[in-house]
Amino acid sequence: MIEILGIHKWFHRGTPQEVHALQGLDLVLEPGDFVTIIGSNGAGKSTLLSCIAGTIAEDAGTIRFHGTDVTSWPEWRRARLIGRVFQDPLRGTCAGGTVAQNLALALRRGERRGLGPGVRRAERELFRERLAALGLGLEHRLHDRVGLLSGGQRQALTMVMATLRTPDLLLLDEHTAALDPKTAAQILELTERTVFSQKITTLMVTHNLAHAIALGNRLVMMHRGRILFDSYGPDKARLRVGDLLQRFHEADAVLNDRMLLTEASSPSTGEGYRPAGHGCPPATNHREGHGPAGSCGHPSQEKNP
Amino acid sequence: MTLAAILAALEQGCLYGIMALGVYLTFRVLNFPDLTVDGSLPLGAAVAATAIAAGIPPHLATLGAAVAGFAAGATTALLATRLNILGLLASILTMIALYSITIRIMGAPNRTLLGLPTVFDPLSSLGIPLYQASPLAMAAVVALVAAGLIWFLHTAYGQAMLATGDNPAMIRALGVNTDQVLLVGVGLSNALAALCGALVAQNQGSADVTMGVGTIVAGLASVIVGETIFGAPTVARACLAVVGGSILYRMAIALALSVRLGPLAVSPSDLNLITAVVVILAMASPHLARRQRR
Ligand SMILES: Nc1ncnc2c1ncn2[C@@H]1O[C@H](COP(=O)(O)OP(=O)(O)OP(=O)(O)O)[C@@H](O)[C@H]1O
Ligand SMILES: [Mg+2]
């Protein structure tokens, strides 16, 4: 079980540009949960994943893996638990290294790296096997530099690298967004196959609502640093894209009302509020604690056993 | 150029090639431009000379010099990672601090090794003239160092070091403490520079605090000239190219010093200008070649 409890993250805290990107977010993952995360731009999805991975330090909250508190662990130490794929295909691989060298780096994730060979002969067999399963012909290119591969090939390679040693948690941040539709579908199919066969607990951020519904056993909608909606199993399977769009609109409407209340009660907050349509909330975040917090607009957790 | 001059240039090229390999490690592998070498080369010379004068066997004194160089590099890395000082600035700070430390170690700005034992003493009993034996010995030393570096960069740790320079975010996500790798890498680089300084001092018979001036420029010139002329498609080829570059660089200097156009002769003090021009040309050549093609 992976517990993410009470995470707060501020950017530029105490300055006029202050952003409260994560507002006491809680998320508990059961083993094998495959969670898709949706939410408009700036909702805090990437920030959440970066806090879990340790790339950015949270300001408050606790992260536990199987009961072990990892909150104080630096990113490189958490890496033994976490596999990660980013939106940018260039971010997950070393352009200067060969395909085999990159895979060998990933195979040693979380291990002490000593003065043994960087790539062992026996490992090449394993790499060929895993690459052959992609069906992209990469198994014949073990000695090619990764910089020579296409974005889709690099992303497929990153996906293999992230799961070469089965991670306790797999973090996918819009990992198909930079790819053409056909390649994106391939990578998504690979994701589903890998996660399923290795039973990996997974968080996958996507802007594609259809993908969010089609994949995984759980769907989480984030809005302004919080979880607005969390749906499991059969409930999730019944979701329609229209339902999700409806939720987005409701969320914005409620928050807009709350903002208006805030504006009315404390004109000193200054700058005028621009109503945000779906998909583009205002750049600055409103202050908490004024409106009817916790009432209608708040997480309606629908937990199924 | 006479044969003796060519052999001397070969000797110098091999000797300073050790330092150039160190510069390759920071500048190319770690992507961390490091000026500490200007201070760690004389530091190595000072440690070796002082230790030998104190009666310590030359090979141990040379080893001690390398360790001192490692500490110098590690200091720069710590300034950069722990105190968040910009890498280039951190290395300049260490470099100027080393100037004082080096003089402290020797008790004076320089120290002679005249009449004292050195690691090169066995060469005179080989039965071939020293001006031939010495370049051969230096070539053997630099070949050993290059082979060691190539081996290291192919180990699991070395691969993590290459990745740290290439894509630090990615390799951290794969569980590597990049701060520690930087410390080891910059340390090793300066250990090589100090080893080079220790050998230079024993070869020329003295250590001097000013012998480090321009080290980084010579190192960069070797790396860039070597890569440009010999190519660097793989790590192993790059290391060999750097040594080749160092030899070419010393040859070019020897050649420049022998040029005389009427009343105009190149003096040793012109070498910095020549080196700077050579580095600029080598760095600009890919760019210029691309412009030509358009
Ligand atoms: N490094 C940073 N410095 C300052 N503010 C940041 C930083 N990273 C994120 N933010 C802010 O935090 C908020 C949440 O950003 P985040 O990137 O997590 O959103 P997201 O849900 O991933 O959005 P998107 O769908 O656009 O990727 C945004 O308001 C963003 O401007
Ligand atoms: Mg994002």
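Every chain is numbered from 1 and lettered A, B, ... according to where its sequence line falls, protein lines coming before strand lines. This one's a predicted model, so the numbers in the text were calculated from it and none came from an experiment.
If you measure heavy-atom distances from B:Ile171 to chain A, the contacts under 4.5 Å come from the side chain alone. For chain A, the nearby part of B:Thr234 is the backbone; its heavy atoms alone come within less than 4.5 Å. Residue contact with chain B, scored on non-hydrogen atoms closer than 4.5 Å, is absent for A:Thr158. A:Ala104 does not touch chain B: none of its heavy atoms, backbone or side chain, sits under 4.5 Å away. Neither the backbone nor the side chain of A:Arg165 comes within less than 4.5 Å of any heavy atom in chain B. Contacts between A:Leu81 and chain B at a heavy-atom distance below 4.5 Å are absent for every atom of the residue.
A salt bridge links B:Arg172 with A:Glu75: at least one charged nitrogen is closer than 4.0 Å to a carboxylate oxygen. A salt bridge is defined here as a Lys NZ or Arg NE, NH1 or NH2 lying under 4.0 Å from an Asp or Glu carboxylate O, and A:Arg128 with A:Glu139 fails to meet this definition. Ion pairing of A:Arg80 with A:Glu111 is absent here, as no side-chain N (NZ or NE/NH1/NH2) approaches a carboxylate O to less than 4.0 Å.
Put simply, the side chain of B:Thr75 gets close to the backbone of B:Ala71: a donor and an acceptor are under 3.5 Å apart.
Relative to the ring axis of A:Phe196, A:Lys199 does not place its NZ or CZ within 45° and under 6.0 Å from the centre.
Of the residues considered (A:Arg108, A:Gln101, A:Arg77), A:Gln101 shows the highest number of contacts with chain B, using heavy-atom pairs under 4.5 Å. Ranked by non-hydrogen atom pairs under 4.5 Å with chain B, the options A:Ala95, A:Ala79, A:Gly83, A:Pro74 are led by A:Ala79.
A pairwise comparison of heavy atoms in B:Thr36 and B:Ser91 identifies OG1-CB, 3.3 Å as the closest pair.
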